[in-house]
Amino acid sequence: MSPTVRQRSKRMILDSIGVGLVGSTTPVFDIALRYCRLYSSVAVSSVYGKPGVKLSPTLAAFTNGVATHSMDFDDTWHPATHPSGAILPALLAASQMLPPNTKPNGLDFLLAFNVGLEVQGRLMHFSTEAHDIPKRFHPPSVVGTLGSAAATAKLLSLSSAQCCHALGIAASLAGAPMANAATQAKPLHVGNATRLGLEAALLAGRGMEANPLILDDIPGCSGFSAFYSVYQPKPLSAPGEHHEFLLEKQDIAFKRFPAHLGMHWVVDAALSVRNLFINYAGSFSPSLIRTIMLKIPVSKYINRPFPSSEHQARHSFQFNACAALLDGEVGLGSFSESSIHRQELRELLDKVVVEHPEDNVANFDKMYGEVALLLHSGDVLTGKCDTFYGHWRKPLSKESLLKKFRSNASHVLPEEKIEAIITLVDNLENLSDSSQLACTSGAPTTSLQEKFLHQQHIPNT
Amino acid sequence: MDFDDTWHPATHPSGAVLPALIALSEAFPQKKKISGLDLLLAFNVGIEVQGRLLHFSREARNIPRRFHPPAVVGTMGSAAACAKLLALDQLECKNALAIAASYAGAPLANAATQIKPLHIGNAAKNGLEAACLALQGLQGNKQILDMESGMGAFYTDYNPQTLPTLQSYPWLLDQQDVAIKRFPAHLATHWVADAASSVRRKLVESSESLLPIDKIEKVILKVPEVKYVNRPSPASEHEARHSFQFVACSALLDGSMSVQSFSSENIDRPALRELLCKTQLEHPPDNTPSFDSLYCQVSVTLRDSSTISDRCTTFYGHWRKPLEKEDLEKKFQSNVLNILPTESMEGIIETVYNLEKVEDCSVLSTFLSGQSASTSREAALPLSVPANSYVLFTKSMQNSGQTLA
């Protein structure tokens, strides 16, 4: 560092300390400090799969959000986002935070959850860009954060002005670029969305104020529009008695295996052509295959010929097609280190060629997957999938959904707990204390914590 | 309060970095001391990274319109600075930056609201978090600075370049100083304040005299077009700090601006409101919205049709006209006056001026907590550092069975 650099930077350090100190006399500082002391130090919220572990509400939400998206196994909506992971952890954490006599019941919880979903959907409908597979910002980090703020604000019964500010604050906490998809950092997007939305609602509950027009499109000074190149907000009709939730018209897709949604089309196509091939050749014989042709939409972050990590493998059309061809199914185990680096799989990957037909749009409502096996003999076998099983056009049956849940939960929970959760959720509207849902894996709060909760955690309405 | 420094290309560099470094330095176990030089170097790394990233976009040279720069580059700077202080290896540093990118970005529309300060708070916090996650082994996209879908997401014209070699590395701060504010408001208002004060001196004989508002027909401000600082009638302190009109009228009324100019009594003064009604903005095409080239002209037209004007191209505190040492210290002292004892105040000044020679920069924290110099030299710090803060700095050992200390 030259003398100039030293001198200048020391001046900066001095000035920065000074303005920070005088800044500690401001109301915004009071709110931030109170928030940090109150909500960060009391470990009252449960963590998925870790009975006995409790964290502060925002960190519990964060951790659980990360868990939800860690394997890319969570739900996907249209327009594209992962809606539930961005809101459920915040609601669970918040429900445990509230004092015993004000615990939200199951219906409140379910309603708050749906508010969070609805807000995400409505925001995405303000941008035509949002209808396609994203390229710039990862949607959960954009709309998910606001959805979490809305859901939490609803659960905490904030006033309408406070709800408005919660959304405004959340906008300043939103936004993560796509480039971290297919890396270990991607799950943080959902973790942060749910955590920061909760934070925004808590801050708003404490009196913090933001720009009430943040969702409007004001040229020259971007609000929420900062995250889109085309943003056209429309006024929404006030929710009367017959408000129709977007979820009514547009269902969600549930994944059958832990990989990016786009993979599900090629896997179903690959399984279909595999069957044809077995009928043709008697067994799956890779040596008969000259080329594997994939017809997929254009989307850079899921086009990976030779993924080298689990995260990359979950975001690779090529890998998922080949795993399906080789094994006859794709599941949790398909993405282990040993599975990814298998010689036979690598050999198949070598044969893959990718095409982007013009009619195959990068959009979860319209795309298709096609897998063609070009054999040495000259014969061509093709499998095509327009709608995979689990897509909103072909939803998972109740049995399939429960099978997925039991299989996932059995990794960490005993059978009674698993069945208890299934029963709780099935009867959610009739539950009197929704924090039971969060507690099913943890120990009940001690009386000391309960006392603290009672004194400190009621937001200023 | 919008009182912190501003750089060119535009961001508030120090606030995003220093709090993270100070917090981190207090979390180190007692036997692992951080020297003043370590702190100074890490600070400069954090500043440099911000500057370099801003230079990758032409859009960044102008006053922002979409994302608030501290939320974008500030988060990256904080991650870099913390990674430096934590002595992360090269791979971990890359991951720290990659992770930080996923925390970056806040839209500009929350400027002039109470939430704007959180942009800097979160930049500092999130950068620190990113560095700590990297230390724990978390990995992100190591090409994130190169990609349109990485840092490029925040700009329409992102064009990264290779940096100069480390052999004779030129620090940006060497070529381009920061601006330090004299009063707590958006930087663009500082030109207006200087021009308005100068016009006032021409209007009244002595500084004690009241401004003859009745004789004023109109006040015209020639300013660059910056929507979020154009507020004819601000209603809150946050709005007032982002209003050309408010600062011009306050400076005309009072002769100069200070922290008190933004109190609610002053914001609501009838005399001020009256003057605001007479104030208009004009945006000459040659007045570009860049902190390096903008100017402000204040013209007061009286009822007798005479006009008194002044133009300010470089305000005192701007990088072209930096604050003198005495004035920088005066600002510091005035800020700290009722918050820390005099001894701490002087201790901080002395420590910062000699930072490279300080052996253990925890003295800075001691002064900040208001303890006296004598107790700070006894350095009774172990009490504030619990044994399991070790956890922060122990990497997860994946292959060995070693548990955290």
Side-chain angles (χ1 to χ4, degrees), chain A residues 1-2 4-6 8-29 32 135-138 141 168-169 171-180 182-185 188-189 192 208-211 213-214 218-227 300-301, chain B residues 1 3-5 14-15 18-19 40-41 43-44 47 65-67 71 98-99 101-110 113-115 117-119 121-122 138-141 144 147 149-151 153 171 173-174 177-178 180 227-228 259 328 331-332 335-336 339-340 348-349 352-353 355-356 368:
Chain A
M1 298 180 278
S2 68
T4 305
V5 168
R6 287 168 196 248
R8 285 178 174 171
S9 56
K10 287 190 291 190
R11 282 163 58 94
M12 287 159 76
I13 289 174
L14 188 67
D15 187 66
S16 192
I17 290 176
V19 301
L21 287 171
V22 74
S24 75
T25 63
T26 60
V28 60
F29 171 83
K135 292 199 221 183
R136 206 152 65 100
F137 287 105
H138 192 210
S141 68
I169 296 166
S172 272
L173 304 174
M178 279 309 293
N180 268 331
T183 77
Q184 203 182 29
L188 258 68
H189 294 182
N192 278 330
M208 185 156 300
E209 302 184 354
N211 186 336
L213 301 173
I214 201 104
I218 297 173
C221 180
S222 299
F224 194 67
S225 61
F227 300 106
K300 282 208 187 116
Y301 76 108
Chain B
M1 290 177 163
F3 213 177
D4 49 328
D5 52 24
S14 301
L18 189 61
L40 188 61
L41 183 57
F43 179 80
N44 276 287
I47 304 298
R65 290 156 59 104
R66 203 152 69 102
F67 286 105
I99 296 164
S102 274
Y103 284 77
L108 199 55
N110 269 333
T113 77
Q114 202 182 31
I115 185 95
L118 262 70
H119 293 181
N122 281 328
L138 190 71
Q139 304 186 20
N141 185 333
I144 204 132
M147 297 167 74
S149 58
M151 272 322 277
W171 295 84
L173 195 57
D174 226 325
D177 197 1
V178 291
I180 295 193
K227 286 231 168 78
Y228 73 106
V259 173
L328 184 72
K331 176 185 174 184
F332 182 78
N335 281 340
V336 176
I339 299 175
L340 290 181
I348 294 174
I349 295 178
V352 172
Y353 278 153
L355 200 51
E356 308 91 311
L368 281 172

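Each chain gets a letter, A, B and so on, in the order its sequence line appears, and its residues count up from 1. In what follows, every heavy atom counts, from backbone to side chain, and hydrogens, waters and symmetry copies are set aside.
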Separation between [atom1] of [X] and [atom2] of [Y], rounded to the nearest 0.5 Å:
{"X": "A:Leu21", "Y": "B:Leu368", "atom1": "CG", "atom2": "CG", "value": "6.0 Å"}
{"X": "B:Ile115", "Y": "A:Ser172", "atom1": "CD1", "atom2": "OG", "value": "5.5 Å"}
{"X": "A:Met12", "Y": "B:Asn44", "atom1": "CE", "atom2": "CG", "value": "7.5 Å"}
{"X": "A:Ser24", "Y": "B:Ile339", "atom1": "OG", "atom2": "CD1", "value": "4.0 Å"}
{"X": "A:Arg6", "Y": "B:Trp171", "atom1": "CZ", "atom2": "CH2", "value": "10.0 Å"}
{"X": "A:Leu14", "Y": "B:Asn335", "atom1": "CG", "atom2": "CG", "value": "10.0 Å"}

Give me the atom names and distance for the closest heavy-atom approach of [X] to [Y].
{"X": "B:Phe43", "Y": "A:Ser9", "answer": "CE2-O, 3.7 Å"}
{"X": "B:Ile144", "Y": "A:Ala179", "answer": "CD1-CB, 3.8 Å"}
{"X": "B:Pro107", "Y": "A:Gly223", "answer": "CB-O, 3.0 Å"}
{"X": "A:Ser2", "Y": "B:Asp174", "answer": "OG-OD2, 2.6 Å"}

Would the distance check show the side chain of [X] and the main-chain N or O of [Y] forming a donor-acceptor pair, the cut-off being under 3.5 Å?
{"X": "B:Asn110", "Y": "A:Gly168", "result": "yes"}
{"X": "A:Glu209", "Y": "B:Gln114", "result": "no"}
{"X": "B:Arg66", "Y": "A:Ser222", "result": "no"}
{"X": "A:Asp15", "Y": "B:Leu328", "result": "no"}
{"X": "B:Lys227", "Y": "A:Pro219", "result": "yes"}
{"X": "A:Arg8", "Y": "B:Val178", "result": "no"}

Under 4.5 Å, counting heavy-atom pairs only, tell me which of [options] racks up the most with chain B.
{"options": "A:Lys10, A:Met208, A:Met178", "value": "A:Lys10"}
{"options": "A:Thr4, A:Leu173, A:Ile17", "value": "A:Ile17"}
{"options": "A:Ala176, A:Gly18, A:Pro177", "value": "A:Pro177"}
{"options": "A:Leu213, A:Asn192, A:Ile218, A:Ile214", "value": "A:Asn192"}
{"options": "A:Gly175, A:Gly220, A:Ala185, A:Ala171", "value": "A:Gly220"}
{"options": "A:Lys300, A:His138, A:His189", "value": "A:His189"}

Residue [X] versus chain B: region with a heavy atom under 4.5 Å:
{"X": "A:Asn180", "value": "both"}
{"X": "A:Ala174", "value": "backbone"}
{"X": "A:Thr26", "value": "side chain"}

Among B:Pro117, B:Ala98, B:Pro19, B:Ala71, who wins on heavy-atom pairs under 4.5 Å with chain A?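 With the most close heavy-atom pairs to chain A, the winner is B:Ala98.
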Considering only heavy atoms, which portion of [X] lies under 4.5 Å from any heavy atom of chain A: side chain, backbone, both, or neither?
{"X": "B:Ile349", "value": "both"}
{"X": "B:Asp177", "value": "both"}
{"X": "B:Leu118", "value": "side chain"}
{"X": "B:Ala104", "value": "backbone"}
{"X": "B:Ile47", "value": "side chain"}

Is any side-chain heavy atom of B:Asp5 closer than 4.5 Å to a side-chain heavy atom of A:Val19?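 No, too far: nothing below the 4.5 Å cut-off.
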Is the closest side-chain heavy-atom distance between A:Gln184 and B:Ile99 below 4.5 Å?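 No, side chains not in contact.
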Relative to the ring of A:Phe227, is the ring of B:Phe67 parallel (under 30°), tilted (30 to 60°) or perpendicular (over 60°)?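 Plane angle over 60°, so perpendicular.
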Give the intermediate values and the outcome of side-chain contact (heavy atoms from CB on, under 4.5 Å) for residues B:Lys331 and A:Val22. CA-CA 10 Å; B:Lys331 176 185 174 184; A:Val22 74; over 6 Å; no
